[in-house]
Amino acid sequence: MQIRTITAYPLRAELRKPFRFSQWSYDHRATTLVAVETADGLRGWGEAYGPASTVAEAVRCFFAPLLAGRDPLDHETLWHFMFARSLDYGQKGVMVAAISAIDIALWDIKARYAGLPLYRMLGGSHTEFIPGYATGFYFDEDNPRSLARKFTTEAERYRARNFRAMKLKVGLGVAIDAELTATVRNAAGTGVRVMIDANHAYDALGAIALGRRVEPYDVAWFEEPVSPLDLDGYVEVRRALRIPIAGGEAEYTRFGFDTLFRRRAVDYAQPDICACGGITEAMKIATLASVAGVHVTPHVWGSAVGQAAAVHFYAARPSHPGSLVPEDKLIECDQTENPLRTEIASEAVRIDDGRVVVPQKPGLGIEIDPAALERFSTGSRM
Ligand code: MG
């Protein structure tokens, strides 16, 4: 089998209603899908996190020529080849995201070739369903009182859809964040886990101050309390609080995560499959996490392609720690507006009764809708 073409599709979808989090405002969603096609007509899909046109250029100009004519079933070899060729200037960020997209597409091809769902190529699934957690509670009002009303309604909506966990955005300042966390905790009701995510809006002192205020609300994890560059800050926050600490959506490869684990900076590692180096690298990160005694729960913020890749990866991972009654593995279910998640695939990952259904069709188990791909493409294919 030979790789014939690698095509990058930078995509963009305008939003009906912009929303904000602690760092910036979204008025559109963007991502890069990558299609790898073989000479005998098999096609696999991958996705890269990050600035769409920039990542697409990295795929088109740098990686695609390297892989032309190579056998897609040699995906482990190809991963190391791509990483070695870009190591001197691409250890993190855009270049690794581009590798991630190609890697996911190669796994999709391999599984389609075998006629099996991708998780079986990873050694099998521990489950048919993975409990989802609803990611939402973004900011669209300046007035915290209005936000409290919005957050209450939102929590009730997720509860009605049987999500057993939900994650709210924080980063508006300790007092407001504590009030909004209490609001969601109350509205979510008993038996529903609540997490908070600062998207690194705090320094260590601020994060500890917020953590102490929300400790009574049974917060299941505090995500990205401080900058991903401030590992000392992570360690300080983790030691000071009784709330588990999560992070890693801005980290890359096993080398980056190994540092997080050795420093004991997180309780939950959150690799993004479309950024961290793809499925190949995510499996290695998960192995390191298991050695370090750290939970893994993938960051999922992309299109239907990245979502499916995360589900297959996570289905193949055991619960941690092993137990007769293990803690639920929780997978992120982005509930914000994103047509690239909800419209790009004619057949997408299903969420049923608050649980993500592990796809059973060959490969990623989803199908890209050509008309939607055309509609969201930002220009010429790359
Ligand atoms: Mg996050």
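Positions are given from 1, in the same order as the sequence printed here. All of these numbers come straight from a predicted model, not from anything done at the bench. Both ligands and their constituent atoms are indexed starting at 1 by order of listing.
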### Query
In a check of salt bridge (charged side-chain N to carboxylate O under 4.0 Å, His left out) between Asp232 and each of Arg263, Arg239, Arg238, which one passes?
Arg263

### Summary
Answer key: the N, O or S atom of Glu249 nearest to the Mg ion (ligand 1) is OE1

### Query
Can you tell me the N, O or S atom of Glu223 that's nearest the Mg ion (ligand 1)?
OE2

### Query
In terms of side-chain heavy atoms, does Ser346 have a donor or acceptor partner in Glu367 at a distance below 3.5 Å?
no

### Task
Please find out if less than 6.0 Å separates the ring center of Tyr26 from that of Phe21.
yes

### Message
With respect to the Mg ion (ligand 1), please indicate if Glu224 possesses an N, O or S atom at a distance under 2.8 Å.
### Response
no

### Query
What's the atom name of the N, O or S in Asp197 nearest to the Mg ion (ligand 1)?
OD2

### Message
Counting only heavy atoms from other residues, nucleotides and ligands, does the tally under 6.0 Å from CD of Gln23 exceed 12?
### Response
yes

